[in-house]
Every structure is written in structure tokens, then in C-alpha cells.
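To start, I am sharing the structure in question, which I have written as C-alpha cells.
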Amino acid sequence: MPLKPFPARKQRLLFLCDHASNALPEGGLGLDPSLLATHIAYDIGAAVVTRMLAAAYGAAAILGAGRGC
């Protein structure tokens with residue numbers, strides 16, 4: 001899964017959020033597509049919190065890429 005970097009600022013600190021997206025490998029692992037908007041597919045709000053923490057600390061963040069990011 002490709003990663004989407006959030007630009008670094010002043011700190012030597014890195015926030016990682018691997019549950020930021022509901023992206024799945026090709027084939028979807030057999031998951032019903034209607035479930036992709038639910039917590040079963042990703043941690044809803046995790047990307048927003050990670051971006052806010054990175055901004056507050058002047059740090060970099062890497063978020064899982066795909067739908068929902």
C-alpha cells in the first residue's frame with residue numbers, strides 16, 4: 001500500500017498512522033464493499049488526529065494511503 005507523506009517541519013519527530021485509510025489489497029480480502037465506510041475497515045478519525053498532532057508538534061506524519069485519507 002503506498003504511503004502519503006505529510007511534510008516535515010521543525011522537529012525530528014515522526015507520527016505514523018497505519019490505520020488512516022480503508023484501502024485494501026486488490027480483491028478486497030472478501031470484505032463486503034458496504035463495510036469500507038465502517039470501523040471494520042479503518043480507524044475513523046485517525047488520519048485527522050495524526051495530522052493535528054503533527055501540526056501541533058511541527059513534526060512529520062506518514063498516513064496509510066487510499067480512500068478515507
Side-chain angles (χ1 to χ4, degrees):
M1 171 182 332
L3 298 176
K4 182 187 295 184
F6 191 71
R9 297 219 172 63
K10 304 171 193 168
Q11 299 293 326
R12 294 185 65 178
L13 181 64
L14 175 64
F15 287 93
L16 301 175
C17 186
D18 62 345
H19 294 199
S21 150
N22 61 356
L24 295 174
E26 190 173 328
L29 302 174
L31 189 62
D32 184 324
S34 68
L35 295 174
L36 291 178
T38 70
H39 181 69
I40 197 170
Y42 72 114
D43 289 336
I44 299 167
V48 172
V49 171
T50 303
R51 285 185 183 111
M52 291 173 68
L53 284 168
Y57 283 90
I62 297 177
L63 309 174
R67 296 164 290 195
C69 278

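Nothing fancy with the numbering, it's 1 onward along the sequence.
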Applying a strict under-4.5 Å side-chain criterion to I, L, V, M, F, W and Y, I'd like to know whether V49 and F15 cluster together.
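Yes: a chain of side-chain contacts under 4.5 Å links V49 to F15.
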
Please output the side-chain donor-acceptor pairs of residues 25-35 that fall under 3.5 Å, not counting sequence neighbours, one pair per line with the distance.
unit_1 : atom_1 : unit_2 : atom_2 : d
D32    : OD1    : S34    : N      : 2.8
D32    : OD1    : S34    : OG     : 3.0

Minimum heavy-atom distance between A20 and A47, given as atom pair plus value:
CB-CB, 3.7 Å

State, to 0.1 Å, how close H39 and I44 come at their nearest heavy-atom pair, and which atoms those are.
N-CD1, 3.9 Å

Applying a strict under-4.5 Å side-chain criterion to I, L, V, M, F, W and Y, I'd like to know whether V48 and L63 cluster together.
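No: no chain of side-chain contacts under 4.5 Å links V48 to L63.
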
Taking all non-hydrogen atoms of both residues into account, name the closest pair between T50 and A61 and its distance.
CG2-CB, 3.9 Å

